[in-house]
Novice: 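Dumping the structure here so I can ask a few things about it.
Keep in mind it's a predicted model, so treat the numbers as computed, not measured.
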Amino acid sequence: MSTLHVVSHSPFTDSRLDSCLRVCGSDDAILLCGDGAYGLRHPALLTKGVKVFVLAEDSLARNLPLPDWADCVDYPGFVQLSIDYDKVNTWL
Amino acid sequence: MKFAIALFSAAHAPSSRRALLFAQAALAGGHEIVRLFFYQDGVYSASNTIVAPQDEQDIARQWREFVSAHQLDAVVCIAAALRRGVLDSEEAARYQRSAVNLEAPWELSGLGQLHDATQAADRLICFGGP
(Lines give C-alpha, C1' and ligand atoms only; values in the text may rest on other atoms or scores of the structure.)
Protein backbone atom coordinates (compact mmCIF):
# COMPACT_ATOMS: atom_id res chain seq x y z
CA MET A 1 0.00 0.00 0.00
CA SER A 2 1.50 3.28 -1.13
CA THR A 3 1.52 6.45 0.94
CA LEU A 4 1.93 10.08 0.01
CA HIS A 5 3.78 11.83 2.83
CA VAL A 6 2.98 15.54 3.08
CA VAL A 7 5.67 17.59 4.82
CA SER A 8 5.18 21.30 5.51
CA HIS A 9 7.90 21.93 8.11
CA SER A 10 11.38 23.00 7.01
CA PRO A 11 13.89 20.14 7.46
CA PHE A 12 16.34 22.74 8.76
CA THR A 13 14.19 23.52 11.81
CA ASP A 14 12.96 20.12 12.96
CA SER A 15 13.31 16.39 12.32
CA ARG A 16 9.98 15.58 10.68
CA LEU A 17 11.52 14.95 7.28
CA ASP A 18 14.11 12.61 8.82
CA SER A 19 11.35 10.71 10.63
CA CYS A 20 9.34 10.58 7.42
CA LEU A 21 12.28 9.19 5.44
CA ARG A 22 12.80 6.46 8.04
CA VAL A 23 9.31 5.07 7.46
CA CYS A 24 9.10 5.84 3.74
CA GLY A 25 8.54 2.69 1.69
CA SER A 26 9.73 2.07 -1.85
CA ASP A 27 6.25 2.78 -3.28
CA ASP A 28 5.82 5.97 -1.24
CA ALA A 29 6.36 9.57 -2.26
CA ILE A 30 6.90 12.84 -0.42
CA LEU A 31 5.07 16.07 -1.20
CA LEU A 32 6.88 19.13 0.10
CA CYS A 33 4.77 22.21 0.74
CA GLY A 34 5.04 25.43 2.70
CA ASP A 35 8.43 25.71 4.42
CA GLY A 36 8.78 22.00 3.74
CA ALA A 37 9.78 23.10 0.22
CA TYR A 38 13.21 23.85 1.68
CA GLY A 39 13.61 20.08 1.64
CA LEU A 40 14.67 20.57 -2.00
CA ARG A 41 17.96 21.89 -0.55
CA HIS A 42 18.35 19.07 1.96
CA PRO A 43 20.84 16.30 1.14
CA ALA A 44 18.76 13.60 2.86
CA LEU A 45 16.16 13.57 0.06
CA LEU A 46 18.75 13.25 -2.68
CA THR A 47 20.47 10.26 -1.12
CA LYS A 48 17.30 8.39 -0.15
CA GLY A 49 16.09 8.12 -3.75
CA VAL A 50 12.41 8.42 -2.83
CA LYS A 51 9.97 10.06 -5.25
CA VAL A 52 9.68 13.76 -4.39
CA PHE A 53 7.05 16.32 -5.36
CA VAL A 54 6.87 19.97 -4.37
CA LEU A 55 3.91 22.32 -4.42
CA ALA A 56 4.78 24.74 -7.24
CA GLU A 57 3.66 27.95 -5.51
CA ASP A 58 5.76 27.18 -2.44
CA SER A 59 8.99 26.51 -4.35
CA LEU A 60 8.35 29.62 -6.49
CA ALA A 61 7.64 31.80 -3.44
CA ARG A 62 10.98 30.71 -1.96
CA ASN A 63 12.87 30.93 -5.27
CA LEU A 64 13.98 27.32 -4.96
CA PRO A 65 15.21 25.84 -8.24
CA LEU A 66 13.66 22.47 -9.06
CA PRO A 67 16.27 19.69 -8.97
CA ASP A 68 16.04 16.95 -11.61
CA TRP A 69 15.04 14.40 -8.93
CA ALA A 70 11.85 16.29 -8.00
CA ASP A 71 8.63 17.25 -9.79
CA CYS A 72 6.39 20.20 -9.08
CA VAL A 73 2.60 20.05 -8.88
CA ASP A 74 -0.19 22.61 -8.66
CA TYR A 75 -3.35 22.09 -6.57
CA PRO A 76 -5.15 19.91 -9.15
CA GLY A 77 -1.90 17.91 -9.23
CA PHE A 78 -1.96 17.65 -5.43
CA VAL A 79 -5.52 16.28 -5.63
CA GLN A 80 -4.43 13.77 -8.28
CA LEU A 81 -1.46 12.63 -6.16
CA SER A 82 -3.81 12.03 -3.24
CA ILE A 83 -5.78 9.72 -5.53
CA ASP A 84 -2.75 8.00 -7.09
CA TYR A 85 -1.45 7.00 -3.66
CA ASP A 86 -3.52 4.77 -1.39
CA LYS A 87 -3.13 6.96 1.68
CA VAL A 88 -2.09 10.49 2.50
CA ASN A 89 -0.10 10.97 5.68
CA THR A 90 0.43 14.57 6.72
CA TRP A 91 3.32 15.17 9.10
CA LEU A 92 1.42 17.70 11.21
CA MET B 1 -13.46 10.12 -5.43
CA LYS B 2 -14.77 11.03 -1.98
CA PHE B 3 -12.60 13.19 0.25
CA ALA B 4 -12.74 13.91 3.96
CA ILE B 5 -10.64 16.94 4.88
CA ALA B 6 -9.45 17.70 8.41
CA LEU B 7 -7.95 21.06 9.27
CA PHE B 8 -5.83 21.45 12.42
CA SER B 9 -4.56 25.02 12.04
CA ALA B 10 -6.02 28.51 12.45
CA ALA B 11 -7.13 30.59 9.48
CA HIS B 12 -3.99 32.74 9.60
CA ALA B 13 -1.71 29.71 9.09
CA PRO B 14 -0.57 29.01 5.51
CA SER B 15 -1.78 25.42 5.90
CA SER B 16 -5.37 26.66 6.26
CA ARG B 17 -5.10 28.36 2.87
CA ARG B 18 -3.58 25.19 1.40
CA ALA B 19 -6.51 23.17 2.72
CA LEU B 20 -8.94 25.63 1.15
CA LEU B 21 -7.18 25.57 -2.23
CA PHE B 22 -7.02 21.76 -2.11
CA ALA B 23 -10.75 21.59 -1.34
CA GLN B 24 -11.54 23.99 -4.19
CA ALA B 25 -9.37 21.98 -6.58
CA ALA B 26 -11.04 18.73 -5.48
CA LEU B 27 -14.52 20.07 -6.23
CA ALA B 28 -13.33 21.65 -9.49
CA GLY B 29 -11.97 18.22 -10.48
CA GLY B 30 -15.43 16.68 -10.07
CA HIS B 31 -14.72 15.03 -6.73
CA GLU B 32 -16.90 15.01 -3.63
CA ILE B 33 -16.08 16.34 -0.17
CA VAL B 34 -18.06 14.23 2.28
CA ARG B 35 -17.12 16.39 5.25
CA LEU B 36 -14.78 19.14 6.39
CA PHE B 37 -13.70 18.65 9.99
CA PHE B 38 -12.18 21.55 11.91
CA TYR B 39 -10.13 20.30 14.84
CA GLN B 40 -7.74 21.82 17.39
CA ASP B 41 -6.76 25.35 16.26
CA GLY B 42 -8.73 24.74 13.06
CA VAL B 43 -11.85 25.74 15.00
CA TYR B 44 -10.73 29.38 14.79
CA SER B 45 -11.52 29.28 11.05
CA ALA B 46 -15.20 29.09 11.99
CA SER B 47 -15.21 32.08 14.35
CA ASN B 48 -17.17 35.02 12.96
CA THR B 49 -15.27 37.52 15.14
CA ILE B 50 -12.00 37.16 13.22
CA VAL B 51 -10.86 40.46 11.69
CA ALA B 52 -8.17 39.97 9.06
CA PRO B 53 -5.76 42.85 8.33
CA GLN B 54 -6.83 44.76 5.23
CA ASP B 55 -3.65 43.86 3.33
CA GLU B 56 -3.99 40.14 4.00
CA GLN B 57 -6.30 37.48 2.63
CA ASP B 58 -9.30 36.83 4.85
CA ILE B 59 -9.09 33.05 4.83
CA ALA B 60 -11.80 32.62 7.50
CA ARG B 61 -14.24 34.53 5.28
CA GLN B 62 -13.14 32.52 2.23
CA TRP B 63 -13.79 29.30 4.15
CA ARG B 64 -17.26 30.51 5.12
CA GLU B 65 -18.11 31.52 1.56
CA PHE B 66 -16.74 28.26 0.16
CA VAL B 67 -18.72 26.13 2.62
CA SER B 68 -21.91 28.12 1.98
CA ALA B 69 -21.55 28.19 -1.80
CA HIS B 70 -21.16 24.41 -2.03
CA GLN B 71 -23.41 23.58 0.93
CA LEU B 72 -20.69 21.43 2.45
CA ASP B 73 -20.90 19.54 5.70
CA ALA B 74 -18.53 21.63 7.85
CA VAL B 75 -18.17 20.26 11.36
CA VAL B 76 -16.30 22.07 14.13
CA CYS B 77 -15.06 19.88 16.99
CA ILE B 78 -17.12 20.93 20.00
CA ALA B 79 -14.50 20.11 22.65
CA ALA B 80 -11.75 21.98 20.76
CA ALA B 81 -14.12 24.90 20.12
CA LEU B 82 -15.31 25.28 23.73
CA ARG B 83 -11.78 25.43 25.12
CA ARG B 84 -10.90 28.11 22.55
CA GLY B 85 -14.00 30.23 23.15
CA VAL B 86 -15.70 29.40 19.85
CA LEU B 87 -19.38 29.07 20.84
CA ASP B 88 -22.70 28.83 19.07
CA SER B 89 -25.82 30.27 20.72
CA GLU B 90 -26.71 26.96 22.35
CA GLU B 91 -23.30 26.52 24.01
CA ALA B 92 -23.12 30.20 25.00
CA ALA B 93 -26.45 29.78 26.79
CA ARG B 94 -25.42 26.48 28.35
CA TYR B 95 -22.23 27.95 29.87
CA GLN B 96 -23.60 31.49 30.48
CA ARG B 97 -21.16 33.20 28.13
CA SER B 98 -21.94 36.62 26.68
CA ALA B 99 -20.53 36.07 23.19
CA VAL B 100 -21.69 33.90 20.30
CA ASN B 101 -19.18 33.64 17.46
CA LEU B 102 -20.20 30.53 15.57
CA GLU B 103 -23.22 30.29 13.30
CA ALA B 104 -24.32 28.60 10.09
CA PRO B 105 -22.91 27.15 7.87
CA TRP B 106 -20.76 25.75 10.68
CA GLU B 107 -21.94 23.04 13.01
CA LEU B 108 -20.53 22.03 16.39
CA SER B 109 -20.25 18.29 16.89
CA GLY B 110 -17.98 15.59 18.26
CA LEU B 111 -14.85 13.81 17.11
CA GLY B 112 -17.02 10.89 16.07
CA GLN B 113 -17.95 12.94 13.00
CA LEU B 114 -14.32 12.75 11.85
CA HIS B 115 -14.30 8.98 12.32
CA ASP B 116 -17.60 8.72 10.47
CA ALA B 117 -16.26 10.86 7.61
CA THR B 118 -13.15 8.70 7.23
CA GLN B 119 -15.38 5.63 6.92
CA ALA B 120 -17.49 7.28 4.22
CA ALA B 121 -14.57 8.78 2.28
CA ASP B 122 -11.98 7.20 -0.01
CA ARG B 123 -9.28 9.52 1.30
CA LEU B 124 -8.71 11.49 4.50
CA ILE B 125 -6.47 14.49 3.91
CA CYS B 126 -5.19 16.41 6.94
CA PHE B 127 -3.80 19.94 6.93
CA GLY B 128 -2.00 21.59 9.80
CA GLY B 129 1.25 23.08 11.00
CA PRO B 130 2.91 25.93 9.08
Novice: Give a yes or no on whether A:Leu21 and A:Val7 share a hydrophobic cluster (residues Ile, Leu, Val, Met, Phe, Trp, Tyr; joining criterion: side-chain heavy atoms under 4.5 Å apart).
Specialist: yes

Novice: Is the number of heavy atoms from other residues, nucleotides or ligands within 6.0 Å of CD (B:Gln71) greater than 12?
Specialist: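 At most 12 heavy atoms, drawn from other residues, nucleotides or ligands, come within 6.0 Å of this atom.
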
Novice: Check whether B:Phe3 gets within reach of chain A through its side chain, its backbone, both or neither, counting any heavy atom under 4.5 Å.
Specialist: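 Interface part for B:Phe3: side chain.
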
Novice: For B:His70, I'd like to know if atom NE2 has over 12 heavy atoms of other residues, nucleotides or ligands within 6.0 Å.
Specialist: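 Enclosed.
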
Novice: With a 4.5 angstrom heavy-atom cut-off, could you sort out which part of B:Pro14 is near chain A: side chain, backbone, both or neither?
Specialist: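 Neither part.
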
Novice: Does any N or O in the side chain of B:Arg18 come within less than 3.5 Å of the main-chain N or O of A:Tyr75, such that one atom is a donor and the other an acceptor?
Specialist: no

Novice: Could you look at A:Leu4 and say if it's the side chain, the backbone, both or neither that has a heavy atom under 4.5 Å from chain B?
Specialist: neither

Novice: Look at the side-chain heavy atoms of Ile, Leu, Val, Met, Phe, Trp and Tyr, link any pair under 4.5 Å apart, and say whether A:Val54 and A:Leu81 land in one connected group.
Specialist: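 No, because A:Val54 and A:Leu81 fall into different hydrophobic clusters, even though each may have its own neighbours under 4.5 Å.
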
Novice: Give the member of A:Lys87, A:Gln80, A:His9 that has the highest number of heavy-atom pairs under 4.5 Å with chain B.
Specialist: A:His9

Novice: If Ile, Leu, Val, Met, Phe, Trp and Tyr residues are connected whenever their side-chain heavy atoms lie under 4.5 Å apart, and connections chain through other members, are A:Leu66 and A:Leu17 in the same group?
Specialist: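 Hydrophobic grouping puts A:Leu66 with A:Leu17.
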
Novice: Is it the case that atom CD in B:Glu65 sees more than 12 heavy atoms from other parts of the structure closer than 6.0 Å?
Specialist: yes

Novice: Once you round to the nearest 0.5 Å, how far does OG of A:Ser82 lie from CD1 of B:Ile5?
Specialist: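 Between A:Ser82 OG and B:Ile5 CD1, I get 8.5 Å after rounding to 0.5 Å.
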
Novice: Side chain, backbone, both or neither: which part of A:Asp58 has a heavy atom under 4.5 Å from chain B?
Specialist: side chain

Novice: Quick check on the interface: out of A:Leu92, A:Val6, A:Asp35, A:Val88, who has the most heavy-atom pairs with chain B under 4.5 Å?
Specialist: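 The answer is A:Leu92.
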
Novice: Select, from B:Cys126, B:Ala25, B:Pro130, the one with the greatest count of heavy-atom pairs under 4.5 Å involving chain A.
Specialist: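 The candidate making the most pairs under 4.5 Å is B:Pro130.
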
Novice: Is it the backbone or the side chain of B:Phe22 that comes under 4.5 Å from a heavy atom of chain A, or both, or neither?
Specialist: both

Novice: B:Arg123 side chain to A:Ile83 main-chain N or O, any donor-acceptor pair under 3.5 Å?
Specialist: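 Between the backbone of A:Ile83 and the side chain of B:Arg123 there is a qualifying donor-acceptor contact (under 3.5 Å).
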
Novice: Quick check: does any side chain N or O of A:Ser8 sit under 3.5 Å from a backbone N or O of B:Gly129, one acting as donor and the other as acceptor?
Specialist: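 Answer holds: no.
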
Novice: Tell me whether A:Glu57 is salt-bridged to B:Arg17, with the criterion being a basic N under 4.0 Å from an acidic carboxylate O.
Specialist: yes

Novice: Is it the case that one hydrophobic cluster holds both B:Tyr44 and B:Phe8, taking links as side-chain heavy atoms less than 4.5 Å apart, direct or via other members?
Specialist: no

Novice: With chain B as the partner, which of A:Asp86, A:Thr90, A:Val79, A:Leu55 has the greatest number of non-hydrogen pairs under 4.5 Å?
Specialist: A:Val79

Novice: Using a cut-off of 6.0 Å, state whether more than 12 heavy atoms not belonging to B:Arg83 lie near its atom CZ.
Specialist: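 Atom CZ in B:Arg83 is not crowded, with 12 or fewer foreign heavy atoms closer than 6.0 Å.
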
Novice: Determine whether more than 12 heavy atoms belonging to other residues, nucleotides or ligands lie under 6.0 Å from atom CZ of B:Arg84.
Specialist: yes

